[in-house]
Amino acid sequence: MLGIMNDGGPKIAPSLLSADFAFIREQIALVEEAGADYLHIDVMDGRFVPNITWGPKIVRDLRPLSKLPLDVHLMIVEPERYVDRFIEAGAQLVSVHWEATVHAHRLMEQIRSKGARAGLAINPATSLDVLPEILPYVDVLLVMSVNPGFGGQKYIPTSTAKVAGARRLLEQRGLDVEIEVDGGVTLTNVAEVVRAGADTVVMGAGIYETASPAQTIRQVRKACAR
Ligand code: DX5
Ligand code: ZN
């Protein structure tokens, strides 16, 4: 089982998109010491989304800086061309977008066969109706609660009902798939997202752009405690 087991609260995946890369070693240590569960790494190609970030080299360079699983979110076209390289660079979880590939099933199998967990991300406009056929091959369902491309955007309110719908779908089908929610999650709305059914919350600005990221992580745990 990847990730540190905690008190039944959500897994917390700080997004390095909002970290200061000039001090990345310190920025990672800060969240790891505060009890983060994954490091979320957003890969953008300037085509699938209107922004550009990093490639596999950054994953390789970050790998020795932390014991946490690296959760790589690929917002790129033709992800099948690159997943192997991200896994070889050290990613334990690789998520690709449903909207970016015509062969999602093949891609999930490709990721698993390379020894990583397979994540499927869906944009806010993508219906849960596309999921039943593919979910048995998915380890993590990444529900986007903003349109991907930038950190610090506002949470789309209808995402809460979508997360609840995804949770119901998994229960109806008896499937053990982790639900990860990404975009606009902050201390203010994290409890709502978790109550709706999120196992894991990605938080970029909601952690790194607060006065004390470590303190915020502790407050998130408290806000979600049952
Ligand atoms: C958005 C990315 C997110 C982003 C989240 O395209 O996929 O992971 O970093 O950042 P916040 O939490 O600031 O919305
Ligand atoms: Zn992301």
Side-chain angles (χ1 to χ4, degrees), residues 10-21 24 27-28 30-31 34 36-55 58-59 62 68-77 79 82-83 86 91-100 111 116-126 138-160 162-163 178-194 198-211 213 216-217 219-220 223-224:
K11 294 198 193 85
I12 300 175
S15 169
L16 299 186
L17 190 61
S18 290
D20 183 344
F21 259 74
I24 198 60
Q27 298 260 285
I28 287 174
L30 201 63
V31 295
D37 298 281
Y38 301 151
L39 294 176
H40 187 85
I41 302 175
D42 289 300
V43 177
M44 307 184 184
D45 65 352
R47 294 189 62 206
F48 183 70
V49 290
N51 200 1
I52 299 176
T53 56
W54 318 291
I58 285 289
V59 174
L62 295 179
L68 297 178
L70 300 183
D71 158 18
V72 173
H73 177 193
L74 297 181
M75 286 160 276
I76 64 175
V77 298
Y82 296 100
V83 291
F86 281 99
Q92 278 96 336
L93 163 61
V94 178
S95 296
V96 299
H97 269 264
W98 163 264
E99 303 83 5
I111 294 169
R117 299 173 75 215
L120 187 71
I122 53 170
N123 278 338
T126 298
V138 172
D139 296 306
V140 175
L141 175 65
L142 180 50
V143 178
M144 290 305 302
S145 41
V146 297
N147 289 296
F150 302 94
Q153 300 183 81
K154 202 174 158 316
Y155 180 82
I156 298 173
T158 45
S159 307
T160 304
K162 191 174 187 183
V163 172
E178 180 176 330
I179 298 179
E180 182 173 20
V181 179
D182 184 6
V185 180
T186 64
L187 184 55
T188 314
N189 61 12
V190 66
E192 168 188 327
V193 175
V194 170
D199 299 297
T200 302
V201 286
V202 176
M203 296 177 69
I207 287 178
Y208 278 114
E209 288 176 23
T210 62
T216 303
I217 289 178
Q219 287 172 318
V220 167
C224 297

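In each ligand, atom 1 is the first atom listed, and ligand 1 is the first ligand listed. In this text the structure is predicted, and so the values were computed from the model without any measurement.
If you check which protein heavy atom lies closest to atom 1 (C) of ligand 1, you get F150 O, 3.5 Å. Scanning the protein heavy atoms around atom 9 (O) of ligand 1, the nearest turns out to be S15 OG, 2.8 Å. Distance from atom 14 (O) of ligand 1 to its nearest protein heavy atom, with residue and atom name: G184 N, 2.8 Å. In terms of protein heavy atoms, atom 12 (O) of ligand 1 is closest to G204 N, 2.8 Å. At the shortest separation from atom 10 (O) of ligand 1 among protein heavy atoms lies G151 CA, 3.7 Å. In this structure, the protein non-hydrogen atom closest to atom 3 (C) of ligand 1 is D182 OD1, 2.9 Å. Scanning the protein heavy atoms around atom 13 (O) of ligand 1, the nearest turns out to be G152 N, 2.7 Å. Protein heavy atom nearest atom 6 (O) of ligand 1, with residue, atom name and distance: G149 N, 2.7 Å.
Between V185 and ligand 1, a contact under 3.5 Å exists for no N or O pair. Residue A205 places at least one N or O, backbone or side chain, under 3.5 Å from an N or O of ligand 1.
Contact atoms of ligand 1 toward M144: 7 (O) (distance under 4.0 Å to a heavy atom of the residue). Those atoms of ligand 1 that come under 4.0 Å of a heavy atom in G183, given as number and element, are 14 (O). Counting atoms of ligand 1 from 1 in the listed order, those under 4.0 Å from a heavy atom of H73 are 7 (O). Residue M75 has at least one heavy-atom neighbour below 4.0 Å for each of these atoms of ligand 1: 6 (O), 7 (O). Those atoms of ligand 1 with a heavy atom of P148 less than 4.0 angstrom away are 6 (O).
Between E178 and R117, at least one side-chain nitrogen of the basic residue sits less than 4.0 Å from a carboxylate oxygen of the acidic one, meeting the salt-bridge criterion.
Side-chain contact annotation: T160 with Y155, donor-acceptor N/O pair under 3.5 Å present.
Ring-plane geometry between H73 and H97 is classed as parallel, the angle between the planes falling under 30 degrees on a 0 to 90 degree scale with a further cut at 60.
Remark: among candidates T53, L16, D42, the nearest residue to atom 2 (C) of ligand 1 is D42, based on non-hydrogen atoms.
Of all the N, O or S atoms in H73, the one closest to the Zn ion (ligand 2) is ND1. Looking only at its N/O/S atoms, D182 has OD2 as the one nearest to the Zn ion (ligand 2). In D42, the N, O or S atom that comes nearest to the Zn ion (ligand 2) is OD1.
N51 contributes a side-chain N or O that, together with a main-chain N or O of G149, makes up a donor-acceptor pair within less than 3.5 Å.
Here the CE-CD distance, from M75 to E99, works out to 11.5 Å after rounding to the nearest 0.5 Å.
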>> Using the rule given for ring pair (Phe, Tyr, Trp, His ring centres under 6.0 Å), can you reason through F86 versus W54, listing the C-alpha separation, both sets of side-chain angles and the distance that settles it, and then say yes or no?
In response: CA-CA 11 Å; F86 281 99; W54 318 291; over 10 Å; no
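Counting heavy atoms closer than 4.0 Å to ligand 1, residue E209 contributes nothing at all.
Annotation for V143 and V163: closest pair CG1-CG2, 4.2 Å, computed over non-hydrogen atoms. For G206 against T216, the heavy-atom pair with the smallest separation is O-CG2, 3.3 Å.
In this structure, M44 counts as a contact residue of ligand 1, since one of its heavy atoms falls inside 4.0 Å of the ligand.
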